[in-house]
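Source: prediction; values computed, not measured. Counting convention: from 1, in listed order, for ligands and their atoms alike.
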Amino acid sequence: MWPDRRLLDLFGIEFPILLAPMAGAMDAELAIAVAKGGGLASLPCAMLSADKAREQVGIFRQQVSAPINLNFFCHTPVQPDAAREAVWRQRLAAYFTEYGLDPSMPVPAASRAPFDEAMCALVEELRPEVVSFHFGLPEKSLLDRVKACGAKVIASATIVREAIWLEEHGVDAIIAQGAEAGGHRGMFMTESIGQQPGLFALLPQIVDAVRVPVIAAGGIADGRGTAAAFALGASAVQMGTAYLRCPESKISTPARSALAQASDDGTVITNVMTGRPARGVINRVMREVGPVTADAPAFPHASAALGPLKAAAEKQGRVDFTNLWAGQAVRLGKELPAEELTRAFAGAALARLSQLSR
Ligand SMILES: Cc1cc2nc3c(=O)[nH]c(=O)nc-3n(C[C@H](O)[C@H](O)[C@H](O)COP(=O)(O)O)c2cc1C
């Protein structure tokens, strides 16, 4: 028996395991597999058009009768700044030359839009059971509309202050995102990367500070981590990195092998790839230009100039400029189908929890 059933009942799922939404790394296929395994499926929408998101939800609904979490970013959009862009191009110029590219070539704009009117209308149309937000929450009128269509709302907090703010603004549950986590830090009330707490310290402090259920995220990649999170007061876990090497994920073959070879100290938090702090396996540009630099344009604009470099390097099978978002537990990842993996996580966690309660 799970020590806390609040989120099983709130979401209508068999196991308190959430697939982390992972923009650029997955689509409906992974979501379907986790739903079939009894976890909560998520679909990251931050890099999707409304049409693409609609299509993906349609595929999910056709194949499985289970709840789905649609995930959105809530950053405040910043216009590109020509002066910062010029500095950034200068910083990357030698790489362009190395790959035979013109350092001043035009590049398409970066594609990560915050949750807005159009996406809110999509939520009203698609009626997901859960909506999750990263980087805070949307403005009140949009949030009210999401809640009015019956979706449960969850969002990430990286410090206790953010968790309290989220509870005050009406979320149904809080994702405590420890510093171990792969991908973007959900931080929205602090900019201090070095002060971001790890999950073992953060989770019980958030549990003590709020009344809503707390979902543990960051560095959890098997039944042991899941049981530990419950012991610290979590009501569910959210795992991302643990699912990246599943056959259903959409990462490229070179990225897959970079993850397979990554060591426990092989990831770092960087702002080089997008302009916002995120944890990933260390690649060449993170190592040589970062991992953190004031020269990177604001999110998401830093990623635009990296686009042609990423494409040119990947043609040669290299991941020098590729986002390899992954958390500190990357070595624990397994190449197993996600349905099987989800059931295995749940079974192992329950076995550990029953040992602990004896
Ligand atoms: C490849 C990757 C992409 C991610 N993209 C998103 C995203 O689009 N939205 C989001 O809320 N979180 C995103 N995250 C963060 C996860 O929600 C979660 O906090 C993290 O995966 C938990 O840590 P773990 O990777 O150690 O399991 C991403 C994480 C990874 C690894």
May I have the step-by-step check of side chain to side chain donor-acceptor pair (under 3.5 Å) for Thr226 and Arg352, ending in yes or no? CA-CA 9 Å; Thr226 303; Arg352 290 234 164 211; over 6 Å; no
Candidate pair Ser42 and Asn71, rule side chain to side chain donor-acceptor pair (under 3.5 Å), full reasoning: CA-CA 7 Å; Ser42 301; Asn71 170 258; over 6 Å; no
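Here's the thing with Ala242: none of its N/O atoms is less than 3.5 angstrom from an N/O atom of ligand 1. Checked by distance only, ligand 1 and Gly182 come closer than 3.5 Å through their nitrogen or oxygen atoms. The shortest N/O to N/O separation between Ser156 and ligand 1 does not fall below 3.5 Å. Residue-to-ligand polar distances keep His184 apart from ligand 1: every N/O pair is separated by 3.5 Å or more.
Annotation: atom 21 (O) of ligand 1 to nearest protein heavy atom, Gly240 CA, 3.5 Å. Atom 16 (C) of ligand 1 has as its closest protein heavy atom Ala20 CB, 3.6 Å. Counting only heavy atoms of the protein, atom 1 (C) of ligand 1 lies nearest to Trp325 CB, 3.4 Å. The protein non-hydrogen atom at the shortest distance from atom 10 (C) of ligand 1 is Asn71 OD1, 3.5 Å.
Residue contact check for ligand 1: Ala46 places no non-hydrogen atom closer than 4.0 Å to it. At a 4.0 Å cut-off, at least one heavy atom of Gly219 sits close enough to ligand 1 to count as contact. Ligand 1 lies less than 4.0 angstrom from a heavy atom belonging to Pro21.
Residue nearest to atom 23 (O) of ligand 1, selected from Gly333, Ala181, Ala326: Ala181 (by heavy-atom distance). For atom 17 (O) of ligand 1, the choice among Gln177, Met22, Arg112, Gln238 with the nearest heavy atom turns out to be Gln238.
A salt bridge between Glu335 and Arg256 is absent, with no side-chain N of the basic residue lying under 4.0 Å from a carboxylate O of the acidic one. Salt bridge annotation for Glu168-Arg161: absent, with no cationic side-chain nitrogen under 4.0 angstrom from a carboxylate oxygen.
Here is the list of ligand 1 atoms found below 4.0 Å of a heavy atom in Phe73: 7 (C), 8 (O), 9 (N). Residue-ligand proximity, Met239 to ligand 1, at heavy-atom distances under 4.0 Å covers atoms 27 (O).
Counting only distance, with no hydrogens or angles, the side chain of Gln177 and the backbone of His184 share a donor-acceptor pair below 3.5 Å. The backbone N or O of Gly186 sits nowhere less than 3.5 Å from a side-chain atom of Thr158 that would complete a donor-acceptor pair.
By the neighbour-count criterion of 12 heavy atoms within 6.0 Å, atom NZ of Lys52 is sparsely surrounded, having that number or fewer from other residues, nucleotides or ligands.
Using a 30° and 60° split on the angle between ring planes, Phe345 and Tyr243 fall in the perpendicular class, above 60°. Ring geometry for Phe135 against His75 counts as perpendicular: the plane angle is over 60°, on a 0 to 90° scale with 30° as the lower cut.
Residue contacts with ligand 1 for Thr241 involve both N, CA, C or O and side-chain atoms from C-beta outward (heavy atoms, distance under 4.0 Å).
Taking CG of Asp116 as the start and CG of Leu142 as the end, the distance is 8.0 Å to the nearest 0.5 Å.
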